Amino acid sequence: MRIGIFDSGIGGITVLHQALRLLPNEDYLYYADTLHVPYGEKPKDEVRGYIFDAIDFIAEQGVKAVVIACNAATSVAVEDLRKKYDFPILGIEPAVKPAVEKWEGKRKKILVLATNLTLREEKFHNLVKSISREDMVDSLALPGLVQFAENFIFDEDQVIRYLREELASFDLNRYGTVVLGCTHFPFFENSLKQVFPEGVDMISGSVGTAKHLRRILEARNQINEGTGKLLFFQSGCKVEDQATLAKYKELLVMLDAYS
Ligand code: DGL
């Protein structure tokens with residue numbers, strides 16, 4: 001059976017990329033809710049409705065696990081999704097803990113970049129409160145990056161301009177790590193590196209999520225059941241258009257260059 005990977009749009013491809021590295025002998029169903037992206041700028045209840053519809057659809061296709069490869073969707077729905085379905089449901093959250101551990105006592109702060117929905121939700125506030133040094137964590141919503149990504153605009157002057165404007169009031173020298181708390185953001189690592197001082201590192205939750213997926217499948221003896229076959233869906237419709245499929249695959253190649 002396949003592994004389902006779900007996001008509001010193309011962001012989850014950053015998680016699919018890591019899953020393909022760690023689990024190349026699996027088949028994947030990637031679902032982008034392109035009709036309703038961006039989730040991060042919509043009310044929680046509306047987004048929850050979209051998520052449940054999407055996961056119902058994915059479940060009907062037959063999956064052995066689903067990764068909610070979206071920080072915003074994870075924060076508003078993962079617990080309730082787990083109650084509804086009998087296959088494992090994994091989520092993703094901003095990688096705040098490893099970032100704080102790295103810089104604790106070293107006079108550097110952490111900057112979490114995410115969507116408004118993720119930053120507003122209790123799950124994020126609880127995560128920050130659970131670490132010993134709350135004062136080390138600043139955050140900023142960057143919905144424009146989601147928009148750029150959905151329009152396949154990367155590394156362009158306008159992205160850098162947008163980032164400089166949004167970050168204008170921050171003293172960027174204070175940060176040791178930038179946490180990419182939205183799965184769309186790793187696509188902008190090059191642009192972000194141009195804006196932040198040299199040496200600031202970027203971390204996302206995608207590697208941890210892929211490792212967690214592998215652990216779960218191993219524990220269930222459900223590993224190596226496929227051949228790396230990819231199926232793409234957009235809001236319930238199978239993507240057959242070759243140009244769109246080629247764009248998705250180009251994104252996977254683009255991510256190869258980052259690591
Ligand atoms: N990729 C999603 C995340 O990780 C959110 C993008 C959106 O606003 O839809 O939070």
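Counting starts at 1 for both ligands and their atoms, following the listed order. Just so you know, these numbers come straight off a predicted model, no measurement behind them.
The protein atom (non-hydrogen) at minimum distance from atom 10 (O) of ligand 1 is Ala72 N, 3.0 Å. Here the protein heavy atom with the shortest distance to atom 8 (O) of ligand 1 is Gly40 N, 2.8 Å.
For the pair Asp56/Tyr85, a side-chain contact is recorded, criterion being any heavy-atom separation below 4.5 Å from C-beta on.
When heavy-atom distances to ligand 1 are checked against a 4.0 Å cut-off, Asp7 comes that close only through its side chain, counted from C-beta outward. When non-hydrogen atoms are compared, ligand 1 lies under 4.0 Å from the backbone of Asn71 as well as from its side chain.
Within the 4.0 Å heavy-atom shell around ligand 1 one finds Cys70.
Between the side chains of Ser8 and Asp33, no donor-acceptor pair of N or O atoms lies under 3.5 Å. The closest side-chain donor-acceptor pair between Gln158 and Tyr162, if any, does not fall under 3.5 angstrom. His184 and Glu150 form a side-chain donor-acceptor contact under 3.5 Å, judged by distance and modelled atom types alone.
The existence of a salt bridge linking Lys64 and Glu225 is confirmed by a sub-4.0 Å separation between a basic side-chain nitrogen and an acidic carboxylate oxygen.
Looking at Thr115 next to ligand 1, no N or O pair under 3.5 Å apart turns up.
Between Phe233 and Tyr31, the angle of the ring planes stays under 30°, which puts this pair in the parallel group of the 30/60° scheme.
Remark: Lys84 is not positioned above the aromatic ring of Phe52, lacking an NZ or CZ atom under 6.0 angstrom from the ring centre and at most 45 degrees off the axis.
Under a 4.0 Å criterion applied to the non-hydrogen atoms of Ser8, ligand 1 contributes the atoms 5 (C), 6 (C), 7 (C), 9 (O). Residue Val37 has at least one heavy-atom neighbour below 4.0 Å for each of these atoms of ligand 1: 9 (O). Counting atoms of ligand 1 from 1 in the listed order, those under 4.0 Å from a heavy atom of Tyr39 are 7 (C), 8 (O), 9 (O).
Looking at Gly205, Ser204, Gly181, Cys182 and measuring to atom 5 (C) of ligand 1, the nearest heavy atom belongs to Cys182.
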